[in-house]
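A short write-up of the structure that comes next.
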There are 2 protein chains.
Amino acid sequence: MAKPKIRLLLVDDHLVVRIGLRSLLEMQPDLTVVAEAASGAAALKEFERHQPDLTLMDLRMPEMDGAATTAAIRAKSPDARVLVLTTFDTDEDIFRALQAGACGYLLKNTDSEPLLKTIRAVHAGTYRLPAEVAARLAQRQAAPELSPREREVLELIVKGRSNKEIGSALGVAENTVKNHVKVILDKLGVQDRTQAATTAIQRGIVRL
Amino acid sequence: MAKPKIRLLLVDDHLVVRIGLRSLLEMQPDLTVVAEAASGAAALKEFERHQPDLTLMDLRMPEMDGAATTAAIRAKSPDARVLVLTTFDTDEDIFRALQAGACGYLLKNTDSEPLLKTIRAVHAGTYRLPAEVAARLAQRQAAPELSPREREVLELIVKGRSNKEIGSALGVAENTVKNHVKVILDKLGVQDRTQAATTAIQRGIVRL
DNA sequence: CGGTAAATAGCCCGATGGGGCTAACTCGGG
DNA sequence: CCCGAGTTAGCCCCATCGGGCTATTTACCG
């Protein structure tokens, strides 16, 4: 055994995905899966115990999602390498994952070759984000972020509440809500609340 | 070999899921995976060739989705058994799958025991839909279906178009659109177009 | 300590939306 | 051959929405 294997931690709430990944990865002579976790909380424990070289992380998970888990891991181990695995990619998810400190991202429907190639590249520190993703990230940075209150209002918009209902729900005047709505529409670059709702869902700003 | 094995066809566009399922299923003495397909079209070919006892079918796939593929299979082989595997369940997807002739449905994040149990139950013909799902189906049948034109209008609502814009897009008067919208709101059981948009997305009536 | 952003709230006004109601025409099934 | 559903279209009316504008308080950052 000339070179030590790359030690991997798998984090995914889907059993079949964990099994599939494990089978795929264990067939490689330079890779070994040292632990699996089905939740963010479990992932933290396993990371502590095994200190893997690289963590493969699903984004959509119940309770603690992949971005939050990634942030928690990197808070304790700033040089931890995390590669995000997503099923369908909303810009917001990827953005949050990368902001949380993920080193890269992959779609789950990629073939084995690009998957293995990316794992080795990330481990070697030579991984670069695809140009298309980098472009979307740049665009996202250009787009102004919503304030906490605005996100709150946006969630209620998505639920179909009127400005008046949102006002009483938040304990503020309807006029105040209207102001927030105006800012939200402006920041999202849309004309009305329906477009705001659908783009919020599309970008993953709010969970449906 | 006293009893013949249950011969399975796996249909899923995710490589890791196919591998994971195959590993899981091949460990069972009474199950064998005779073929895999990564698309609806490929699934039809493999079904023709192998005539499996049971097909495990993903719903969300590019080009031809699971419901359409299930319908195509059952059009040729009316007694084919198809078990739908979904990641996240929108009512509409499940409903369409069952209408297309699927025998049952499972979430991908289920553990192995319920998965194996369900496979054997479906093959034995003793599978019953969970009460919760049956209730949702009953509710869906109670809900009146949208007419083709109404679905068309709904799609434009989701895109954030105004009634006037929808009218000119469809070549009809704004008043006509308003009538359609009224009916849509009524059929969906919602108060305004924003709720219509979000519930349409949630139920899977329109693709985002 | 001053500037900036967020959150609050008010005003006016025109555009849009949605409820209720009537009424053509068309097409397919009983 | 008529009935029902779908599609078309009009009417009135008022609530809601969204644009534009100003203003106060708080809080944080440089």
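The model shown is predicted, which means the values in this text are computed figures rather than measured ones. Every chain is numbered from 1, with letters handed out A, B, ... down the list of sequences. Because only heavy atoms are used, hydrogens play no part in the values below, and waters and symmetry mates are left out as well, while side chains stay in.
- Neither OP1 nor OP2 of C/dG17 sits under 4.0 Å from any side-chain N or O of B/Lys178.
- Under 4.0 angstrom from either OP1 or OP2 of C/dA9 there lies at least one side-chain N or O belonging to A/Thr176.
- OP1 or OP2 of C/dT8 lies within a sub-4.0 Å distance of a side-chain N or O belonging to A/His180.
- Taking only side-chain nitrogens and oxygens, B/Arg193 comes nearer than 4.0 Å to OP1 or OP2 of C/dG17.
- With salt bridges taken as basic N to acidic carboxylate O contacts below 4.0 Å, none links A/Asp192 and B/Arg193.
- For the helix from C/dC1-D/dG30 to C/dG30-D/dC1, the rotation axes defined at the first and last 5 base pairs enclose an angle of 50°, given to the nearest 10°.
- Of the side-chain N and O atoms in B/Arg149, none sit less than 4.0 angstrom from OP1 or OP2 of D/dA5.
- Applying the 4.0 Å criterion to OP1 and OP2 of D/dA15, one finds that A/Ser162 has every side-chain N and O outside that range.
- Between A/Lys164 and D/dT16 there is a side-chain N or O to OP1 or OP2 distance below 4.0 Å.
- The side chain of B/Asn163 contributes no N or O atom lying less than 4.0 Å from OP1 or OP2 of C/dT16.
- Remark: P of C/dG17 and CG of B/Asn179 are 14 Å apart, rounded to the nearest angstrom.
- Counting non-hydrogen atoms under 4.0 angstrom, A/Val181 reaches the backbone sugars and phosphates but no base.
- Using a cutoff of 4.0 Å between basic side-chain nitrogens and carboxylate oxygens, B/Glu48 and B/Lys45 are not scored as salt-bridged.
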